[in-house]
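First listed ligand is number 1; within each ligand, the first listed atom is number 1.
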Amino acid sequence: MGRMRGIHERPAGLTYQPDVVSSDEERSLLATVAALDFREIRMHGQTARRTVRSFGVDYDFGSFQLTEAEPMPVALQEVRRRCADLAGVAETSLVEALVTRYPPGSVIGWHRDAPVFGPTVVGLSLGSACVMRFQRGTAEKRRVYEVALEPRSAYVLSGAVRSSWQHSIPPVPELRYSVTFRQVRRGAGRGSGAEAGGVPNSGATGPG
Ligand SMILES: O=C(O)CCC(=O)C(=O)O
Ligand SMILES: [Fe+2]
């Protein structure tokens, strides 16, 4: 891992769990996600190299609207249960599954997940390993952390790492998929657009 500038600090609320799915399950999940029809992400007039597909609910960063999306494929519902157990939240609270496809060399820039999503985010990694970076504060107060995300592992973002830290993923070495399970905050009704979106904080790396 490349060195990050800043004071090394493990973010509170970050959980990392290797081997949440077996190699056989990963193979089958990879077949499921590889067959999906992925959508482009356009932000700040740029098209990201990573592509996404939402299930459950869909959040439009342009209009800040939540809309109903297709139900999760059964294969994703199975892993959702495991991710919910890991996070200690009700399975049914994880209403969104966002599948992200990262071709080799693609990234996700510095951001916090939109506040419209609930306090707990769980991410499952499939395919290539990658690094996930965390930062909060600036200049001499900057705190940094990084964790290697192995395929078949999952992470939980809750508490401070969810609310106060930003995260990013530098260029992935090989094709990677993630499945991010998220809650929707009470009061943020579908299609209500009640919440401002958590657009990337003028990211150091942009949406890539
Ligand atoms: O690919 C990942 O594990 C991270 C995805 C992410 O940070 C997001 O979609 O907000
Ligand atoms: Fe995120």
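By the 30° and 60° cut-offs, the orientation of the rings of Phe134 relative to Trp165 is perpendicular. Ring geometry for Phe117 against Tyr59 counts as perpendicular: the plane angle is over 60°, on a 0 to 90° scale with 30° as the lower cut.
Looking at ligand 1, you won't find any N or O of Thr100 less than 3.5 Å from one of its N or O atoms. The N/O atoms of His111, backbone and side chain alike, include one that comes under 3.5 Å of an N/O atom in ligand 1.
Ser125 and Arg176 share a donor-acceptor pair across their side chains, judged by distance under 3.5 Å alone. Arg50 and Ser106 share no side-chain donor-acceptor pair at under 3.5 Å. Side chains of Arg143 and Gln135: a donor-acceptor N/O pair is absent below 3.5 angstrom, by distance only.
Below 4.0 Å from some heavy atom of Ser178 lie the following atoms of ligand 1, by number and element: 1 (O), 2 (C), 3 (O). Atoms of ligand 1 found under 4.0 Å from any heavy atom of Arg182 (numbered from 1 in listed order, with element): 10 (O). Near Arg176, the atoms of ligand 1 lying under 4.0 angstrom from a non-hydrogen atom of the residue are 1 (O), 2 (C), 3 (O). Within ligand 1, the atoms closer than 4.0 Å to a non-hydrogen atom of Tyr102 are 1 (O), 2 (C), 4 (C), 5 (C), numbered from 1 in the order shown. Near Asp113, meaning under 4.0 Å from one of its heavy atoms, ligand 1 places the atoms 10 (O).
From the protein, the heavy atom lying nearest to atom 6 (C) of ligand 1 is Ile108 CD1, 3.7 Å. Nearest protein heavy-atom contact of atom 7 (O) of ligand 1 is His167 NE2, 3.0 Å.
Proximity annotation for atom 9 (O) of ligand 1: of Leu98, Val52, Ile169, Leu124, Leu98 comes nearest, heavy atoms only. Of the listed residues (Trp110, Tyr155, Tyr177), the one carrying the non-hydrogen atom nearest atom 4 (C) of ligand 1 is Tyr155.
Looking only at side-chain heavy atoms (C-beta outward), Gln183 and Val121 stay at 4.5 Å or farther from each other.
In this structure, Glu25 pairs ionically with Arg82, as a charged nitrogen and a carboxylate oxygen lie closer than 4.0 Å.
The NE2 atom of His111, the Fe ion (ligand 2) and the OD1 atom of Asp113 define an angle of 90° (nearest 10 degrees).
Nearest N/O/S atom of His167 relative to the Fe ion (ligand 2): this is NE2.
How far CD of Glu96 is from CG of Asp113: 9.0 Å, rounded to the nearest 0.5 Å.
Judged by a 6.0 Å distance limit and a 45° cone about the ring axis, Arg53 is not positioned over the six-membered ring of Phe38.
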